[in-house]
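The basis for the numbers below is simple: all heavy atoms, side chains too, and nothing from hydrogens, waters or symmetry mates.
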Amino acid sequence: MMKSLLTGLALTLTVAATTARADDIVRYRGTIEKVDGSTLTVKPRTGDPVTVTFSGDTKILAATSGKLADIKSESYIGTAAIPQPDGTQKALQVTVFSSSLRGTADGHYPWDLGSNSTMTNGAVGTLSGTDGRTMLVKYQGGEKKVVVPDDVPVTLVDPGEKSIVVPGAKVVAFTKKGADGTLSAPILIVGRNGTVPSM
């Protein structure tokens, strides 16, 4: 029963995360200032606070601090990166998903952490290097060689719960604007114990 529940969660997250990378999704990275029922106020890293609603359908993920050694062969990861002239990707951050989230948003697509940035979600194939890491990330329909400098932030992500959505927590809110202008969040990535989600 537990295995099928986790499989269902991973499939649901894959659909949600795929939707959340669409053009109409805006990600707000910052700090939760206030929580009032199903509404939270997020103070982004830059700009004015925004009000975001969430519901029982919102996928809440918990982020904790990791390290390069947490990236292993066959890990399922997401990495924001910048394309390099030699065809490789230079990682800006790496997120290591728990096994129950394997398959989340599989693929390679544009991202919003700077000009030409990309996101690659897939399974780590070959892994080499001691000062930093070089990894081959395989996803459905392709693969990317990613160079991970030793100072790149690494976070570990697993399924979370509403209780971690509290004032002071760091968050990445994936939001979609409704017809009435309100922002709703299909996905919230919330840091535990002061962790800043690196996605």
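With sequence neighbours excluded, no residue satisfies side chain to side chain donor-acceptor pair (under 3.5 Å) with T58. Judged as a ring pair (Phe, Tyr, Trp, His ring centres under 6.0 Å), and not counting sequence neighbours, F54 has no contacts. Applying the side chain to side chain donor-acceptor pair (under 3.5 Å) criterion to D48, with sequence neighbours excluded, gives no partner residue. Under the rule for a ring pair (Phe, Tyr, Trp, His ring centres under 6.0 Å), the partners of Y76 that lie at least two apart in sequence or sit in another chain are F97. Under the rule for a side chain to side chain donor-acceptor pair (under 3.5 Å), T53 has no partner lying at least two apart in sequence or in another chain. With sequence neighbours left out, the side chain to side chain contact (heavy atoms under 4.5 Å, CB included) criterion links V166 to A169. Not counting sequence neighbours, E143 has no partner by the salt bridge (charged side-chain N to carboxylate O under 4.0 Å, His left out) test. Not counting sequence neighbours, S75 has no partner by the side chain to side chain donor-acceptor pair (under 3.5 Å) test.
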Margin query: Could you walk me through whether T118 and Q89 satisfy the side-chain hydrogen bond (donor to acceptor under 3.5 Å, both in side chains) test, starting with their C-alpha distance in whole Å, then the side-chain angles of each, then the deciding distance to 0.1 Å, before giving a yes or no?
Written below: CA-CA 9 Å; T118 64; Q89 303 279 319; 2.8 Å; yes

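Hydrophobic clustering (ILVMFWY, side-chain heavy atoms < 4.5 Å, transitive): V172 and V196 are in distinct clusters. Criterion: ILVMFWY side-chain heavy atoms under 4.5 Å apart, direct or through other members. Under it, L113 and M119 are part of a common hydrophobic cluster. At a threshold of 4.5 Å between side-chain heavy atoms, the hydrophobic network of Ile, Leu, Val, Met, Phe, Trp and Tyr places L127 and L136 in two separate groups. L68 is connected to V96 through a chain of hydrophobic side-chain contacts under 4.5 Å among Ile, Leu, Val, Met, Phe, Trp and Tyr, so both are in one cluster. Under the 4.5 Å side-chain heavy-atom criterion for ILVMFWY residues, a single connected hydrophobic cluster contains both V50 and V190.
Within the structure, no pair that satisfies the ring-ring contact (aromatic ring centres under 6.0 Å, His included) test touches residues 178-199, not counting sequence neighbours. Sorted by first and then second residue, the salt bridge (Lys or Arg N to Asp or Glu O under 4.0 Å) pairs involving residues 69-94 (not counting sequence neighbours) are K67-D70, E74-R102. Counting only residues at least two apart or on different chains, the side chain to side chain donor-acceptor pair (under 3.5 Å) pairs with a member in residues 29-46 are R29-D112, T31-K170.
Judged purely by atom type and a 3.5 angstrom limit, T95 has no side-chain atom pairing as donor or acceptor with the backbone of I77. When atom types are taken as modelled, the side chain of D106 and the backbone of Q140 share a donor-acceptor pair closer than 3.5 angstrom. No side-chain donor-acceptor contact under 3.5 Å links Q93 to the backbone of A91. W111 places a side-chain N or O within donor-acceptor distance of the main-chain N or O of M199, the cut-off being under 3.5 Å. In terms of modelled atom types and a separation under 3.5 Å, the side chain of T175 and the main chain of V26 share a donor-acceptor contact.
Here the rule is side-chain contact (heavy atoms from CB on, under 4.5 Å) with V52, and of I32, L40, T182 only L40 fits it.
Under the 30°/60° scheme for interplanar angles, the aromatic rings of Y139 and H108 are found to lie parallel.
You'll find the side chain of T134 stays beyond 4.5 Å of the side chain of V146, heavy atoms only.
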Show every donor-acceptor pair shorter than 3.5 Å between a side-chain atom in residues 154-162 and any protein atom, with sequence neighbours excluded, or say none if there are none.
{"from": "T155", "atom 1": "OG1", "to": "S198", "atom 2": "OG", "distance (Å)": "3.0"}
{"from": "E161", "atom 1": "OE2", "to": "S163", "atom 2": "OG", "distance (Å)": "3.4"}
{"from": "E161", "atom 1": "OE2", "to": "R192", "atom 2": "NH1", "distance (Å)": "3.3"}

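N121 and T79 get closest at one heavy-atom pair: OD1-N, 4.2 Å.
Annotation for D57: atom CG does not count as buried by contact number, only 12 or fewer foreign heavy atoms lying within 6.0 Å.
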